[in-house]
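Quick note on labels: first sequence line is chain A, next is B, and so on, each numbered from 1.
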There are 2 protein chains.
Amino acid sequence: MKTFSEAVLIQVAAYFQVLAEPMRLKILNVLRSSDRTVGQVVEALQGNQANVSKHLRILLDAGIVSRRTEGTSAIYGITDPAIFDLCEMVCDRLATRIEAQNMFRASLTRRKTNV
Amino acid sequence: MKTFSEAVLIQVAAYFQVLAEPMRLKILNVLRSSDRTVGQVVEALQGNQANVSKHLRILLDAGIVSRRTEGTSAIYGITDPAIFDLCEMVCDRLATRIEAQNMFRASLTRRKTNV
DNA sequence: CTCTTGCTTAACTACATCGTTATTTAGTCA
DNA sequence: TGACTAAATAACGATGTAGTTAAGCAAGAG
């Protein structure tokens, strides 16, 4: 049985924390199709420029996105598309859970209507 | 190119949020080998009872752990071991990142000593 | 040089969450 | 019923983080 050390868990938690913001996930989603400048991301998300910039910084520090400059623009891109596999896995978990809930609710309804 | 809707991203973020606490990851780590009572988890982690109980509640609400009672005890267990695959994936990402940093540092050192 | 543009950073407010202590609830046994 | 144990919840203080506005910085155009 493999286990995790405390130090590792702290780092893993920090990584999850970076992904625990809807806005950051939206940004990653936008960058998924291609690299973008900050302005392009801001426009795509109808967001505040300073806020997007800040989130991009956090993603950059976490090594999830990369940054290069071109003229006065900063261009961000996904460093490792495997990040989306993580999201897919979570989606799967959520889906199975919601399905389980629905089946539970359905059984309740059935029980109710059968009375 | 598959993309995610906003509603999904919000739920995914919430799920990541649950995993974004070292204490909760420690609890999952303890439950990994076998189901445990709250008291057993508290003892294994040298933690505060109320705090552990609260974290277990959050994990329960997220559907990550299950709960059953036996006498006056509450016994918690992992619902889906796939959760550890998520952690493994993050560990891999962290490892590759740390390795990349080390290589970068090494190249700097090399450059420095060569001057 | 200075104006403009694109981006980053600082400062601030509002809100969420962690950990702790104290209290409450639920099951067990004398 | 009353005492005891295990767990959950309430209340509170401390800390962290998202979002906004405003200021600062760097690269190019004129």
Side-chain angles (χ1 to χ4, degrees), chain A residues 6-7 9-31 34-78, chain B residues 6-7 9-31 34-78:
Chain A
E6 165 143 12
L9 290 180
I10 290 173
Q11 289 195 72
V12 171
Y15 195 90
F16 279 132
Q17 181 70 52
V18 174
L19 298 177
E21 277 304 312
M23 190 60 174
R24 285 198 280 273
L25 294 184
K26 284 188 216 168
I27 291 172
L28 292 176
N29 204 34
V30 166
L31 294 180
S34 75
D35 295 0
R36 314 256 182 192
T37 66
V38 176
Q40 288 170 335
V41 175
V42 169
E43 203 206 337
L45 298 178
Q46 297 293 317
N48 178 292
Q49 188 269 321
N51 196 30
V52 168
S53 193
K54 217 161 54 168
H55 282 303
L56 281 167
R57 178 91 164 110
I58 291 168
L59 291 167
L60 181 65
D61 287 344
I64 296 174
V65 301
S66 62
R67 187 190 118 112
R68 68 181 194 277
T69 58
E70 222 170 77
T72 64
S73 293
I75 300 168
Y76 287 86
I78 303 291
Chain B
E6 164 142 12
L9 290 180
I10 289 174
Q11 290 197 71
V12 172
Y15 195 90
F16 280 132
Q17 180 69 53
V18 173
L19 298 177
E21 276 305 311
M23 190 60 174
R24 285 198 280 273
L25 295 183
K26 283 187 215 169
I27 290 172
L28 292 177
N29 205 35
V30 166
L31 294 180
S34 74
D35 295 1
R36 313 259 182 190
T37 67
V38 176
Q40 287 171 336
V41 175
V42 169
E43 202 207 337
L45 297 178
Q46 298 293 319
N48 176 291
Q49 184 268 320
N51 196 30
V52 168
S53 194
K54 219 160 52 167
H55 283 302
L56 281 168
R57 176 90 164 117
I58 292 168
L59 291 167
L60 182 65
D61 288 344
I64 296 173
V65 301
S66 63
R67 186 191 118 112
R68 68 181 194 277
T69 59
E70 222 170 76
T72 65
S73 293
I75 300 168
Y76 287 86
I78 303 290

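With distances taken from any side-chain atom of A/Gln49 to the nucleotides C/dT21, C/dA11, C/dT8, the minimum falls on C/dT8. For A/Arg24, the side-chain atoms get nearest to D/dA18 when compared with the rest of D/dA18, C/dT21, D/dA7. For A/Arg67, counting side-chain heavy atoms from C-beta on, the closest listed nucleotide (C/dT9, C/dT8, D/dA7) is C/dT8. Minimum atom distance to the side chain of A/His55 is reached by D/dG19, of the listed C/dT5, D/dG19, C/dG19. Taking every side-chain heavy atom of B/Asn51 into account, C/dT20 is the closest of C/dT20, D/dT9, D/dT21. The nucleotide whose nearest atom lies closest to any side-chain atom of B/Tyr76 is, among D/dA18, C/dT8, D/dA8, D/dA8. Comparing D/dA18, D/dA7, C/dT9 by their closest approach to the side chain of B/Thr37 singles out D/dA7. Checking D/dA7, C/dC7, D/dT21 against the side-chain heavy atoms of B/Ser53 singles out D/dA7 as nearest. Here D/dA18 is the nucleotide among C/dC7, D/dT9, D/dA18 with the atom lying nearest to any side-chain atom of A/Ile58. Comparing atom distances between the A/Thr72 side chain and each of D/dA27, C/dT8, D/dA8 picks out D/dA27 as nearest.
Residue contacts for B/Ala74: at a heavy-atom cut-off of 4.0 Å it reaches the sugar-phosphate backbone alone, with no base atom in range.
Closest approach of A/Asp35 to A/Gly77, counting heavy atoms only: OD1-CA, 3.3 Å. When all heavy atoms of A/Val65 and A/Leu60 are compared, the pair lying nearest together is O-CD1, 3.3 Å.
Taking CG from A/Leu59 and CG from A/Leu19, the interatomic distance works out to 8.0 Å, rounded to the nearest 0.5 Å.
For the pair A/Glu21 CD and D/dG19 C1', the computed distance is 10 Å after rounding to whole Å. Between the CD1 atom of B/Ile27 and the C1' atom of C/dG19 there is a distance of 12 Å, given to the nearest Å. Rounded to whole angstrom, the span from the CD atom of A/Glu70 across to the P atom of D/dA26 amounts to 20 Å. Atom CG in B/Asn48 sits roughly 19 Å away from atom P in C/dT17 (whole-Å rounding). What separates CZ of A/Arg68 from P of C/dG6 is a distance of 17 Å, to the nearest Å.
Judged by distance alone, the side chain of B/Arg67 and the main-chain N or O of B/Ala74 form no donor-acceptor pair under 3.5 Å. Within the 3.5 Å criterion, the main-chain N or O of B/Val18 finds no donor-acceptor partner in the side chain of B/Glu21.
Take the nearest nucleotide of DNA chain D for A/Gly71 and for B/Gly39: the residue whose nucleotide is more 5' is B/Gly39.
In this model, the phosphate group of D/dT9 is approached by a side-chain N or O of B/Arg57 to a distance below 4.0 Å at OP1 or OP2.
Taking only distance into account, the side chain of B/Lys54 never meets the base of C/dT17 through a donor-acceptor pair shorter than 3.5 Å.
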